[in-house]
2 protein chains.
Amino acid sequence: MDLSPIAEEYLKAISTLETEHARPIRTVEIADEIGVTSASVSSMIDTLDERGLLEHTPYKGVELTGDGEEIVTTLVRKHRLLETFLTDHLDYRWTDVHEEADRLEHHVSDEFATRLATFLDDPTTDPHGDPIPDTALTVSEESVQTPLTEYEAGETVVVAQVPDRDHDVREYLFEHGLEPGTELYLEAVTAVGILEVVPDDADDSVSIPTKIARHVSARATSR
Amino acid sequence: MDLSPIAEEYLKAISTLETEHARPIRTVEIADEIGVTSASVSSMIDTLDERGLLEHTPYKGVELTGDGEEIVTTLVRKHRLLETFLTDHLDYRWTDVHEEADRLEHHVSDEFATRLATFLDDPTTDPHGDPIPDTALTVSEESVQTPLTEYEAGETVVVAQVPDRDHDVREYLFEHGLEPGTELYLEAVTAVGILEVVPDDADDSVSIPTKIARHVSARATSR
DNA sequence: CACTAATATTAGCCTAGTCTAATTATCCTC
DNA sequence: GAGGATAATTAGACTAGGCTAATATTAGTG
């Protein structure tokens, strides 16, 4: 039987947390991520466990099974293909596509995803720079990408990925001219945790708090 | 508050039945249309009535209000825009798009619809030949269209609309080469309720039962 | 090692939407 | 205008997913 969009949201949340923490995920973490109570999470964990999508060790935490991960990867693929379509063809700003894709990913068929991918010419990254899993659901080798905070003053880098989940952060980066593909000259790293950077299409430097810069990854310029 | 996809399905069903019968719609008709029991319909009618989307006269039937009709028209617009996108850009056959559009129409935002319409160059009819309501939700003047059964042997017509809801009927028409835009020579009308027609891209005549032909509309050729 | 804080689970209730069974209205025919 | 057929509504129960409150487990600290 098919999974409800709600059950799918739980799987996605668990997957995100697993990637972030690399250890079993606790009930309360899922509750915080989704915005429901721990009680609700406990009961959804039961159903997901019965369906073989995760392994639950009571009082310890959960881990996705292969089946669970596969469902999540399918969703991620649909999500990122949709985002690509929305920005590249429907003229959405990349800052605005996440919410629409988050809703639609649960409702487009596999057939739709396959055809959309063909229409888009099988893209490998989405507008935030995140990799799009292919039909076999394998994620392509990511190019070497490092958080902006790892570079030093004086270096020039290209923005590779920006965080896709927090609207305010996306808005902040957009307004300061930072998006995937932007070339950046790192002017200075101040003591109070601010990066001074100069985007390639700007004259003045822009201040980026470390808190945000940590989640922006970049690769060295190819020259 | 937003309406659930299920509530939206009820409104669509009522609208379809109103168009078909031009009179208040009874509980059991809605039940048959959607495939639920009359009891379920009764209770949904209550909620829809409370929201001001229809008027219910107990034991008599329901009629959509202006608000109710507006919601349906928005859904129809989304549905037909989606169908157009699926056939024109994702290479779906026009016989296969109805189901996907029926799911997605409940989940795409108004913003998405607006942008999709622009992307598609503001089409006025969908792949089945049905008119697409514009942003103001007015349906464009339909060209004069008459059921195939109203024409006489010897006439040449162009298929304007095919039924969009029944997959088997669509499949039948597709296999016999009848789709919107097909030019048709009406060879004969037999006694047992069969039309013999010759599509423009075929040599042999094709037999269409009156039962089906009644729901295919056509306009006279422009020559 | 015991106690407390934090977290997890269970119990029990709520809402939306479904069902079956029982009841009530309406209508049609005689 | 009475009787029966048909249709509509109501009553009561079920499921998914949510909540709060109560209970149980684990972990950390003294």
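Proteins come first, then strands; the chains are lettered A, B, ... in the order of their sequence lines, and each starts at number 1. Quick caveat, the model's predicted, so the values are computed rather than measured.
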d(OH, A:Tyr59; P, C:dA8) in whole Å: 10 Å

Aromatic ring pairing B:Trp94/B:Phe174, orientation class (parallel under 30°, perpendicular over 60°, tilted between): perpendicular

In A:Glu63, A:Glu29, A:Glu18, the residue satisfying salt bridge (charged side-chain N to carboxylate O under 4.0 Å, His left out) with A:Arg23 is A:Glu29

Take atom CZ of A:Arg51 and atom P of D:dG17, then tell me their distance rounded to the nearest Å. 9 Å

From the options D:dT10, C:dC19, D:dT20, select the nucleotide whose nearest atom is closest to the side chain of B:Ser42. D:dT10

With a 4.0 Å cut-off on heavy atoms, is B:Ser38 in touch with a base, just the backbone sugar-phosphate, or nothing at all? base

Nearest heavy-atom approach of B:Gln161 to B:Asp130 is OE1-OD1, 3.3 Å

From the list A:Glu33, A:Glu99, A:Glu20, salt bridge (charged side-chain N to carboxylate O under 4.0 Å, His left out) with A:Arg165 holds only for A:Glu33

Of the listed D:dT9, C:dT18, D:dC19, the closest approach to the B:Val36 side chain comes from C:dT18

Starting from P on C:dT9, measure out to CG on A:Asp49 and report it in whole angstrom. 11 Å

Ring geometry between B:His98 and B:His128 (parallel below 30°, tilted from 30 to 60°, perpendicular above 60°): perpendicular

Taking B:Ser15 for the side chain and B:Leu11 for the main chain, is one N or O donor matched with an acceptor at less than 3.5 Å? no

Any carboxylate oxygen within less than 4.0 angstrom of a Lys/Arg side-chain nitrogen, looking at A:Lys12 and A:Glu8? no

Take the protein atom CD of B:Glu50 and the nucleotide atom C1' of C:dA16, then report the distance between them rounded to whole Å. 13 Å

To the nearest angstrom, the CE-C1' distance between A:Met44 and C:dT9 comes to 16 Å

Counting only side-chain heavy atoms from C-beta out, which of D:dA8, C:dT20, D:dC19 sits nearest to B:Ala39? C:dT20

Closest nucleotide among D:dA8, D:dG17, C:dC19 to the B:Ser40 side chain: C:dC19

OP1 or OP2 of C:dA8 under 4.0 Å from side-chain N/O of A:His56: no

Taking OP1 and OP2 of C:dT9, is either one under 4.0 Å from a side-chain nitrogen or oxygen of A:Lys60? no

I need the CD1-P distance between A:Ile30 and D:dG17, as an integer number of Å. 15 Å

Rounded to whole Å, the CG-C1' distance (A:Leu3 to D:dA16) equals 12 Å

Side chains of A:Pro127 and A:Tyr92, heavy atoms from C-beta outward: is any pair under 4.5 Å? no

If you compare every side-chain N and O of B:Ser4 against the phosphate oxygens of C:dG17 (OP1, OP2), does one of them come in below 4.0 Å? yes

Rounded to 10 degrees, the angle between the two terminal axes of the helix from C:dC1-D:dG30 to C:dC30-D:dG1, each from five pairs: 10°

How close or far is atom P of D:dA7 from atom CD1 of B:Ile45, stated in whole angstroms? 15 Å

If you check the B:Ser43 side chain, which of D:dT9, C:dT18, C:dT9 turns out closest? C:dT18

Heavy atoms under 4.0 Å, any strand shown: does B:Thr47 hit a base, just sugar-phosphate, or nothing? nothing

Using a cut-off of less than 4.0 Å, is there contact between a side-chain N or O of A:Thr27 and OP1 or OP2 of C:dT7? no

So which nucleotide from C:dG17, C:dA8, D:dC19 ends up closest to the side chain of B:Ile6? C:dG17

B:Val28, nearest nucleotide to its side chain (from C:dT9, D:dA8, C:dT20): D:dA8

